[in-house]
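First up is the structure itself, then whatever we jot down about it.
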Amino acid sequence: MFKKSKLYTLVAMLFIAATILTACAPPAAPTVAPTQVSAPEATQPPKAVLSVGIVLPTKDEPRWIQDETRFKEALGKAGYDVQILFSQGDSAKEKANVEALISQGIKVLIICPQDGTAAASAAEEARAAGVKVISYDRLIRDTDAVDYYVTFDSVAVGEAWGDYLISKATGTGNNLYLYAGAASDNNAFLFFEGAWNKLQPKIADGTFVIKNSSEAVAQQDKAKLTREEMAKIIGQVTTNWDFTVAKNLAEANLTAAPAADKGTVFIVAPNDGTARSIADAFAADKDVTTYFITGQDAEKASVQYIIDGKQSMTVLKDVRTLVADAITAAVAFLKGGTPEKTTTYNNGKIDVPAKPSAIVTVTQDNVKAAVVDSGYYPASDFTGLP
Ligand code: BGC
């Protein structure tokens with residue numbers, strides 16, 4: 001969370017950095033319309049161009065609109081124009097966005113890759129142009145052209161799913177259905193790794209029985225999986241982060257499953273959008289009596305699903321924190337320094353310095369405290385808050 005004093009320091013740092021940089025920057029030749037940020041408050045410094053470009057993966061998921069909104073809030077308050085460009089799920093568009101930003105003289109690129117491996121060439125172009133590259137939320141893979149990784153603790157997200165499902169299971173033989181994110185997203189592996197850390201011992205001791213993945217069954221005695229082993233499982237149960245793919249896969253799994261594999265079910269769903277699709281499919285099956293289902297992002301629609309008892313939990317990744325961390329890292333680079341590092345993430349080529357942020361498990365029990373009382377969303381966005 002943003003402490004007020006921290007925000008003021010950040011605003012001051014941004015102003016100094018932008019003033020220095022705009023003074024020495026060559027005149028920009030804008031080829032892409034900048035995202036307009038709200039007018040600065042009277043007490044804030046005047047609007048200035050910050051030499052940072054931001055590229056986000058898609059407008060089609062509320063998660064990334066949330067990031068855009070929080071970036072605009074943080075930078076708008078400080079009185080800056082920044083460019084926030086969307087790749088719309090297309091790596092070629094992502095590369096064109098990066099090239100447009102480089103041509104406008106950015107000094108720092110904050111980029112959440114659509115496809116972690118495909119984004120390497122855009123990162124390399126930025127590096128070659130002297131631009132610092134901050135991988136945002138998702139790690140860019142297989143290149144040394146990544147200077148920093150701003151992220152949540154994604155393994156902890158998967159562990160939170162595992163802990164939640166374990167807390168709801170009794171006895172043995174509980175039906176477990178696994179779903180994963182897109183294989184092109186490094187996070188899908190980290191989330192799966194976290195879930196496996198917790199669930200595998202409970203599969204090995206018979207608490208859970210995997211119902212929808214022969215690849216996961218084949219690995220169920222192994223506590224630690226290699227990336228290749230995870231890739232096989234993810235390949236079988238991927239939603240590709242797509243609501244329709246998730247719905248179709250859940251329906252296909254339910255069609256294939258005998259009634260005995262239904263009843264009370266436990267579902268690892270990889271994020272809120274896919275969780276709602278999967279939950280709807282399970283809720284529509286007459287042989288499913290009760291389901292427990294995970295999620296992440298605390299999307300408004302899923303917060304409402306949790307209030308209504310249609311989704312069991314979500315993981316709040318407070319985007320305000322991620323945005324603040326990204327801006328702090330950008331300012332550190334603009335000032336010629338290096339951002340704070342508490343750990344590293346291997347991207348297949350190098351260990352990328354990072355400072356992962358904590359996550360919060362949200363259920364019906366704490367939904368009001370976690371997402372409303374914390375100031376994340378207004379109460380008026382929901383009905384029936386406990
Ligand atoms: C993000 C999630 C998001 C998912 C789909 C992941 O990389 O960490 O928050 O739900 O992508 O966009």
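Note that this is a predicted model, so its numbers are computed, not measured. Each ligand, and each atom within it, is numbered from 1 in the order the structure gives.
For N347 and N186, the side-chain atoms include no donor-acceptor pair closer than 3.5 Å. A side-chain donor from one of T383 and Q304 sits under 3.5 Å from a side-chain acceptor of the other. No hydrogens or angles considered: nothing links the side chains of D325 and T328 as a donor-acceptor pair under 3.5 Å.
The heavy atom nearest to atom 10 (O) of ligand 1, out of those in D67, D297, T239, is found in D297.
Listed by atom number, the atoms of ligand 1 under 4.0 Å from D185 heavy atoms are 6 (C), 7 (O), 11 (O). In the vicinity of R63, heavy-atom distances shorter than 4.0 Å reach the ligand 1 atoms 1 (C), 2 (C), 8 (O), 9 (O). The contact set between ligand 1 and W64, taken as ligand atoms under 4.0 Å from a residue heavy atom, comprises 1 (C), 11 (O), 12 (O). Of all atoms in ligand 1, listed by their number and element, those nearer than 4.0 Å to a heavy atom of K317 are 1 (C), 2 (C), 8 (O), 9 (O).
Contact annotation: for F191 versus ligand 1, heavy atoms closer than 4.0 Å belong to the side chain alone. Contact annotation for F152 and ligand 1: no heavy atom of the residue comes within less than 4.0 Å of the ligand. Contacts of T58 with ligand 1, taken as heavy-atom pairs under 4.0 Å, are absent altogether.
Here the heavy atom of the protein found nearest to atom 11 (O) of ligand 1 is R138 NH2, 3.0 Å. Protein heavy atom at the shortest distance from atom 5 (C) of ligand 1 is E61 OE1, 3.1 Å. With hydrogens left out, the protein atom closest to atom 1 (C) of ligand 1 is D137 OD1, 3.3 Å, a heavy atom.
Using cut-offs of 30° and 60° for the angle between ring planes, the Y136 and F71 rings count as tilted.
Note that K202 lies outside the cation-pi zone of F208, set by a 6.0 Å cut-off to the ring centre and a 45° limit from the axis.
Taking the ring centroids of Y177 and Y291, they lie at or beyond the 6.0 Å cut-off.
Across I350, V146, D351, T151, a single residue satisfies side-chain contact (heavy atoms from CB on, under 4.5 Å) together with Y345, and that is T151.
At a threshold of 4.0 Å, the pair D272-R276 does not count as salt-bridged, since none of the basic side-chain nitrogens sits closer than that to a carboxylate oxygen.
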